[in-house]
Amino acid sequence: MKRSLILFISFLILVGFGSCEKEYILRTNPAEAKVVIEGLVTDKPGYHYIKLSRSTDFYSSGKTPRITDATVTVTDSDGVITEFVHNPNNDPDSMGYYKPVTPFIGVVGKSYKLFVLADGEEYEGEDTLYPVTTIDSLKYQINEDERADPEFPGRFYEVLIYTKEPQETRDYYLFNFYRNDSLTLNAPEDIYFTDDIALAEAINGITMPIFFSKGDKATVEAFSISREAFVFFNDLFNLINNDGGMYSPPPANCRNNLTNGALGFFRASAVTSMDIVVE
Amino acid sequence: MKHLSWGLIFSFALSMPALAQEKATISGYVRDAANGEELIGVTVYIPSLQTGTNTNAYGFYSVSLPQGSYTLQFSYVGYKSISVDIELSGNVTRNISMESEATYIQEVVVEDEAIDANVVDVQMSRNTIDVNQVKKLPALFGEVDIIKNVQMMPGVITAGEGTSSFFVRGGSADQNLILIDEAPVYDPSHLFGLFSVFNADVIKDSELYKGGIPARFGGRLSSILEVRTKDGNNREFHGTGGIGSMASRIMLEGPIRKEKSSYIVSARRSYADVFLRAANEDNLVYFFDVNAKANWRHNNNNRFFVALYAGRDDFSFSDDAGFSWGNATATFRWNHLFNDRLFSNTSLIASNFDYALEVFDPAQGLKWTSNLQELSLKNDLSYYINPDNEITFGYHITGRRFSPGKIKPNTSGSIFTTVELQKLYALDHAFYVSNRQRIGDRLMVDYGVRLSIFQQIGRSDIYLYEDPKDNTHVVRTDTLHYGPWENIKTYVNVEPRVGVRYSLRPGQSLKFSYNRMVQNTHLIASGTVPVPFNTWNPSGYYLKPQIADQFAAGYFRNFRDNTLEFSVEAYYKSMRNVTDFADNAQLFFNHDLSTEFRQGDSESYGLEFLLTKTKGRLTGMAGYTWSKTTRHIEGVNLGREFYANYDRRNVINITAAYEHSERWTFGATFTYSTGRPITLPEGKYEFGNYNPDVITERNGYRLSDYHRLDLSATLRQKVRPNRKWRGEWVFSIFNVYNQQNPFTIYTRTKQDDDGNIIGDGTEKEARLVYLFPILPSVTYNFTF
């Protein structure tokens, strides 16, 4: 919350003073392609995946190059090894995605080690699965300011979340919001995550960042994340929202839990979700 | 070193009795004949002895000579020189009134001989910002701003237009000590740098010291900007004001008791809603500042001053959020003459800088505040032994309290709870002594030393870490508890200061200086340009003092009877422990902030050329600087050397003012500089719904070169003999040829202006931000 406030103000400084913008064509030296690992294991079935790809030129479009022939395993803190295989259902949209061969579920309190062997190079990452608080309830209401001037006709309902934040533990969270089962961001540069330093126990009615129309189904998915993952998402947010280093620090690569120069993050999370239909 | 400085005082004290028998002292104050303002830095020259002195910051001079007859010449920029014949048989007090030259030229005027201070003074690397000259030049939105003029001096670099920060000889923006009547100003900007906190109407004198910094200054590595405000006309009541396109101001001054005491009050306010061009009309922004000062002369030996300054910026974004910040300072000062040769100034100074950020929302409402408070006692003495030796010495003590941040919920239903970063306390002591000594005909030396003792004190809890530099896995191993006033860490530093001037022949000299500067108050900011919500931290358990050693050498020459001043200076500055931060440092609200500190080395060197024309219809300056600044810090840019954010290889600045007639004056400024370094991506990758950049090198690229021309014309109303009211219109055009100078470049997913994604969301684009197009403005100024 504080981070986005600071960035909001920094951008306002930039934009608010009648500054102008125009497109600029970058002419930078292309970097060597790096391996990108995006991995998730959770305590519920259906969420786990390891996605392997490579970085590419700044101006390329479409999907980035996928790595389809790597060896991928996940080992838990008890020593149980699960192999992940590439695209087991031969789904054309799942190139680069590795799914567990055997049924697999994460357990709160365990830690998980990822091992990837791609093109003769080894990459490793480790994360711990922390518990997540449950969501008590959701409520919807009309947002009067948005109804007066909606960005999309009819879309002026907001959904409020009610939950309790455990005060005895230091927790970090990541959120996904869906409109009609489709992952939605308010702005392309938004990431919804927080630590709990400044949070009280009673979270009574924090609003989802997106609006809904009558008949829409609103879903919130809350993940527990580790401190390392929080640091990664914080760095990612700074990178995506950077202003070129004028008022904010110069852009830099994200700190992560992967070895051998890989980009991305291997995350273990507990997940809870709830939905409501706006009637 | 400590022993050496005491030795200096003793040796001069011992030599005194022998001198006292034959010598007598002439001393006094030099004032402006019209308004009684004391004049700073007036040259007092005795031709028969080829020696002299200058008035100090309070207009006081003192010369001890063998008894006899002398002529004293008083000269000062913008004033008619005066010669005074003295018969010196005993101590004499002689106060001098000097008349200012006409502000406009009615016909060709026979010019007084200009002074040669540029060549003769020991002081090098100092620029005087002449407010009267600045007023003739174009100004952004018509607001005369001395900081914009500071930014045009050789050796000074800016981050871009519309900012009030400046970078001097390789130093970052927080390495400048900005003083207004001796009180420090922590953030000199209004509206994020569009204007500065200095109201030009009340400024009497401003000096920028970039090198060869005298021993009486300390606390920052790279520069001292010393601004002194007027004391107020003690003869008659006057007012000055202006109505501009952005802000208006008024100043009133006058005697409280004629020639004994006077006051000066000024206020400036911007218009509430002129500005934000972001489509939102609900955004309001305004700033104000107020200066108030009074002084009274008890007798010739005692004078008292009280000065207050308060300024604030306030932003509100619809009803959703508000943001404000401000400086407030108060100074009480006592000038005391112990005798004709020993002048003392004692000041008590209080300063407060704070900001507040508030979000109004029933569930997510919060208020975030931070402040920095400082209380100082300073005692500065000048001992005018004889024309060949002037000793200055003194003692400063400052207590500081830093409150880095406190978050509080501002509604009962807010999800936030109260969190506070612990306060930090520091005690800062400095002792200094220096002597300005004339040796023979050609050599003048200013040598001295400053001893700084900086203590971080309690109450404070210091956390110890498994790895003090690991900012990802912060593991605290222990906490050290310190009680109130208990010493946590003390840093003692000796700062030698030496300046030498060698006269080659009249009108030409060589100068050399060496100084060591130490900085113990550090700005926690990782952007290039500081923003008001950056906080300051004292040196302490984890943060070491920053140290700079600067060598400078220069050749100074005046032409055409001192109407053209030329100098070329070369400098080399080596800095240790410059504060920088880990990549992606979390600087806001971090209880373990010390894990983000990365202190390292920085090096800067350069060559500066300056030509100034001070007299005639056409006045102005042209300067060229070549410089290079790099940093080398473990933990930043993978430990590789990188260009500093403000490294600009070539900078050219030209200002010119032309007095066309009694009614018209024209002004122009031109600036050119190499683009600043910028960090740009060399690729991208996919992560979740995002397309982050691949970064390989910090500051590996540069923005394109910056250049801009501004013009102005001032039209003065006809002077009516019996009317006190004088008005003038100032027409200014900023960025005359509409150059789109890049301010910064950032990247984002390809989207249209409303934020809708173009394409499938995988494409990226880079955007160049530029600030000001051609901007005309009109201001009406008046005096009465």
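Since this is a predicted model, take the numbers as computed values, not measurements. Quick note on labels: first sequence line is chain A, next is B, and so on, each numbered from 1.
- Between the side chains of A/Glu158 and A/Thr207, not a single donor N or O lies within less than 3.5 Å of an accepting N or O.
- For B/Arg767, the parts sitting under 4.5 Å from any heavy atom of chain A are the backbone and the side chain alike.
- Heavy-atom distances place both the backbone and the side chain of B/Thr747 under 4.5 Å from chain A.
- Of the atoms belonging to B/Ile678, it is side-chain heavy atoms, and not backbone ones, that fall under 4.5 Å from chain A.
- A salt bridge links A/Lys51 to B/Glu686: at least one charged side-chain nitrogen sits closer than 4.0 Å to a carboxylate oxygen.
- Using a 4.5 Å cut-off between non-hydrogen atoms, the part of residues 254-262 of chain A that approaches chain B consists of A/Cys254, A/Arg255.
- With respect to chain B, the highest number of heavy-atom pairs below 4.5 Å among A/Ala33, A/Ser60, A/Ala187 belongs to A/Ser60.
- Taking A/Phe232 as the reference, A/Phe265, B/Phe687 meet the ring-ring contact (aromatic ring centres under 6.0 Å, His included) condition, with sequence neighbours excluded.
- In this structure, A/Arg227 does not pair ionically with A/Asp195, as no charged nitrogen and carboxylate oxygen lie closer than 4.0 Å.
- Cation-pi contact between A/Lys22 and B/Tyr770: present, with separation from the ring centre below 6.0 Å and deviation from the ring axis of at most 45°.
- Of the atoms belonging to A/Lys63, heavy atoms from both backbone and side chain fall under 4.5 Å from chain B.
- Residue contact with chain A, scored on non-hydrogen atoms closer than 4.5 Å, is absent for B/Asn637.
- Of the residues considered (A/Asp196, A/Leu40, A/Asp145, A/Asp190), A/Asp190 shows the highest number of contacts with chain B, using heavy-atom pairs under 4.5 Å.
- When each of A/Ser61, A/Pro30, A/Gly62 is scored by its heavy-atom pairs under 4.5 Å with chain B, the top score falls to A/Gly62.
- B/Glu697 does not touch chain A: none of its heavy atoms, backbone or side chain, sits under 4.5 Å away.
- Only the backbone of A/Asp57 comes within contact range of chain B, with at least one heavy atom under 4.5 Å from a heavy atom of that chain.
- In this structure, the portion of A/Arg66 lying under 4.5 Å from any heavy atom of chain B is its side chain and not its backbone.
- Of all the listed residues (B/Gly700, B/Gly193, B/Pro681), the one sharing the greatest number of non-hydrogen pairs under 4.5 Å with chain A is B/Pro681.
- Your options are B/Thr762, B/Val474, B/Ile695, and the one with the most heavy-atom pairs under 4.5 Å with chain A is B/Ile695.
- Contact of B/Asp583 with chain A is made through backbone and side chain together, with heavy-atom distances under 4.5 Å.
- Taking the six-membered ring for Trp and thresholds of 30 and 60 degrees, A/Phe177 and A/Tyr192 have ring planes more than 60 degrees apart, a perpendicular arrangement.
- The residue among B/Thr696, B/Asp693, B/Asp361, B/Thr749 with the most heavy atom pairs within less than 4.5 Å of chain A is B/Asp693.
- Counting heavy-atom pairs under 4.5 Å between each of A/Ile191, A/Leu160, A/Val231, A/Leu183 and chain B puts A/Ile191 at the top.
- With respect to chain B, the highest number of heavy-atom pairs below 4.5 Å among A/Ser53, A/Pro249, A/Gly205 belongs to A/Pro249.
- Judged by distance alone, the side chains of B/Gln586 and A/Asn234 do bring a donor and an acceptor atom under 3.5 Å apart.
- Heavy atoms closer than 4.5 Å to chain B are found in both the backbone and the side chain of A/Ile240.
- Classification of the A/Tyr47-A/Phe223 ring pair by plane angle, with boundaries at 30° and 60°, yields perpendicular.
- Side-chain contact of A/Ser226 with A/Asp127: a donor-acceptor pair under 3.5 Å is present, judged by distance alone.
- Aromatic ring orientation, B/Phe315 versus B/Trp325: parallel (interplanar angle below 30°, classes split at 30° and 60°).
- Using modelled atom types, one finds no donor on one side chain facing an acceptor on the other under 3.5 Å when comparing A/Arg54 with A/Thr56.
- For the pair B/Pro742 and B/Ser704, the tightest heavy-atom approach, listed with the atom from each and the gap, is CG-OG, 3.2 Å.
- The greatest number of non-hydrogen atom pairs below 4.5 Å with chain B, out of A/Pro250, A/Pro65, A/Ala202, is found for A/Pro250.
- The one candidate from B/Lys684, B/Lys750, B/Arg748 that meets the salt bridge (charged side-chain N to carboxylate O under 4.0 Å, His left out) condition with B/Glu765 is B/Arg748.
- A/Glu21 and B/Tyr746 share a donor-acceptor pair across their side chains, judged by distance under 3.5 Å alone.
- For A/Phe193 and A/Phe230, the distance between ring centers is under 6.0 angstrom.
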